[in-house]
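If you scroll down you'll find the structure; I have some questions about it.
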Amino acid sequence: MNWGVFEGLLSGVNKYSTAFGRVWLSLVFIFRLLVYVVAAERVWSDDHKDFDCNTQQPGCANVCYDHFFPVSHIRLWALQLILVTCPSLLVIMHVAYREAKEQRHRAAAGDDCRCVFPNPGKKRGGLWWTYLLSLVFKAGVDVVFLYIFHRFYRNYTLPRLVKCELPPCPNVVDCFISRPTEKTIFTLFMVVTTCICVMLNLVEATYLIGKRCRECVLAGSRESCRHSRDCAEPPGTAGQVFHGADYKPPTASIPGTQPEEEEALS
């Protein structure tokens with residue numbers, strides 16, 4: 001694994017995520033990916049080799065193992081991690097597309113032109129929908145894999161003993177699983193972290209939708225206030241003062257006249 005490229009991808013995802021997205025990324029990287037790479041692979045490395053059945057019938061152990069473990073935990077978790085992290089890479093690709101489009105626009109119209117995307121990483125327009133759909137997709141993938149695990153392994157636990165009577169087994173044989181308690185602990189740990197990730201995705205989606213609705217409501221209220229102010233003053237009357245019907249305008253006094261003469265003149 002090229003850790004330099006991986007670090008660059010992580011920094012890009014962290015840069016364009018909200019606070020909930022950063023918590024989700026830390027949870028996936030530390031408690032799911034690292035646990036999978038460091039510990040889980042070693043626990044399930046001898047899964048098929050140490051699956052013992054109390055019979056020497058050729059093919060019986062293989063048939064029973066395939067029946068009780070149709071898909072390995074490790075391969076399911078690997079597929080789940082790939083599908084969960086891909087939508088975050090799509091967000092980075094969308095931002096990169098915006099930046100490239102902005103550079104082409106500036107190269108064609110000059111540096112003094114109006115920007116198409118003043119802030120390419122800001123969640124507006126298509127990027128907002130890309131980010132929201134990525135959250136829904138990640139939560140959906142985790143829920144689907146939780147159902148698959150529960151369907152294959154009831155209550156997410158592994159029994160110590162399974163009984164198999166599939167052909168070519170001569171009769172009902174007992175088969176024993178290697179390290180079932182340790183595998184059950186790892187399975188429950190991954191299930192709990194997956195549930196937390198689903199909750200974080202739903203909370204982040206709710207936060208984005210609520211923030212967007214709040215912005216729309218505030219924009220509508222400002223527009224209505226501006227419209228009401230425009231309608232309150234008729235055109236051409238701005239700055240005019242209106243008086244009652246009994247109002248008498250003041251008269252200017254003529255220089256050199258007495259007050260009695262001013263009354264006679266008025």
Side-chain angles (χ1 to χ4, degrees), residues 6-33 80-106 109 111-147 190-235 238:
F6 188 70
E7 182 182 0
L9 293 175
L10 284 178
S11 62
V13 174
N14 187 61
K15 180 179 179 181
Y16 303 117
S17 300
T18 62
F20 298 104
R22 295 186 183 97
V23 175
W24 177 89
L25 181 63
S26 302
L27 190 65
V28 170
F29 179 71
I30 298 174
F31 294 101
R32 294 177 69 176
L33 183 59
Q80 182 182 4
L81 289 174
I82 291 172
L83 293 178
V84 162
T85 53
C86 280
S88 299
L89 302 181
L90 292 178
V91 175
I92 298 177
M93 293 171 62
H94 197 155
V95 175
Y97 165 76
R98 280 186 163 192
E99 292 175 347
K101 187 174 182 179
E102 181 66 26
Q103 291 177 359
R104 290 195 301 268
H105 178 69
R106 288 188 177 184
D111 294 336
D112 297 334
C113 64
R114 184 179 179 182
C115 296
V116 179
F117 300 108
N119 187 1
K122 193 172 185 179
K123 299 174 187 63
R124 291 291 184 274
L127 183 60
W128 187 87
W129 284 105
T130 301
Y131 196 91
L132 180 64
L133 292 178
S134 71
L135 295 176
V136 175
F137 182 81
K138 289 187 288 188
V141 166
D142 280 336
V143 170
V144 168
F145 274 89
L146 285 175
Y147 173 77
M190 297 295 278
V191 167
V192 170
T193 54
T194 301
C195 293
I196 296 175
C197 287
V198 172
M199 183 185 66
L200 286 174
N201 286 326
L202 295 179
V203 169
E204 187 175 9
T206 305
Y207 166 75
L208 286 177
I209 296 174
K211 183 179 179 182
R212 187 61 177 168
C213 293
R214 179 174 175 271
E215 291 175 353
C216 293
V217 170
L218 291 178
S221 63
R222 285 195 296 265
E223 185 67 25
S224 62
C225 290
R226 189 182 303 111
H227 180 70
S228 62
R229 285 198 301 268
D230 293 341
C231 295
E233 297 182 356

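What you are looking at is a predicted structure, and each value in this text was computed from that prediction instead of being measured.
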| message | Once rounded to the nearest 0.5 Å, what's the spacing between atom CG of Asn201 and atom CD1 of Ile196? | response |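 Those atoms lie 12.0 Å apart.
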| Would you say Trp24 and Val84 make side-chain contact, with heavy atoms under 4.5 Å? | yes
| Atom CH2 in Trp129, atom CZ in Arg212: separation rounded to 0.5 Å? | 9.5 Å
| said: Minimum heavy-atom separation for Leu202 and Ala139, please, with both atom names. | reply: CD2-CB, 4.3 Å
| request: Quick one: list whatever passes side-chain contact (heavy atoms from CB on, under 4.5 Å) with Thr130, sequence neighbours left out. | output: Val91, His94
| task | Determine whether Leu208 and Leu135 make a side-chain contact, defined as any pair of heavy atoms from C-beta on separated by less than 4.5 Å. | result |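 Contact flag for Leu208/Leu135 side chains = yes.
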| ring pair (Phe, Tyr, Trp, His ring centres under 6.0 Å) partners of Phe137, counting only residues at least two apart | none
| request: Mind checking the CG-CD spacing from Leu146 to Gln80? Nearest 0.5 Å is all I need. | output: 6.5 Å
| query | Roughly how far apart are Leu33 CG and Leu25 CG, rounded to 0.5 Å? | reply |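 If I round to the nearest 0.5 Å, the distance is 10.0 Å.
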| Minimum heavy-atom separation for Cys197 to Leu27, with atom names? |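 The pair with the smallest heavy-atom distance is SG-CD2, 3.5 Å.
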| request: Quick one: pull up CG in Leu132 and CD1 in Ile209 and give me the separation to the nearest 0.5 Å. | output: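 Reported value, rounded in 0.5 Å steps: 5.0 Å.
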| said: My understanding is that only residues two or more places apart in sequence, or in another chain, count here; which of them pass side-chain contact (heavy atoms from CB on, under 4.5 Å) with Cys86? | reply: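 Cys86: side-chain contact (heavy atoms from CB on, under 4.5 Å) contacts with Ile82.
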| For Phe20, side-chain contact (heavy atoms from CB on, under 4.5 Å) partners two or more places apart |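 Counting only residues at least two positions away or on another chain, Phe20 forms a side-chain contact (heavy atoms from CB on, under 4.5 Å) with Thr18, Val203, Glu204, Tyr207.
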| query | Who are the ring pair (Phe, Tyr, Trp, His ring centres under 6.0 Å) partners of Phe145, not counting sequence neighbours? | reply |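 Phe145 satisfies ring pair (Phe, Tyr, Trp, His ring centres under 6.0 Å) with no other residue.
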| field | All pairs passing salt bridge (Lys or Arg N to Asp or Glu O under 4.0 Å) where residues 133-146 contributes a residue, at least two apart | value | Arg32-Asp142
| Test side-chain contact (heavy atoms from CB on, under 4.5 Å) applied to Ile30 - qualifying residues, sequence neighbours left out | none
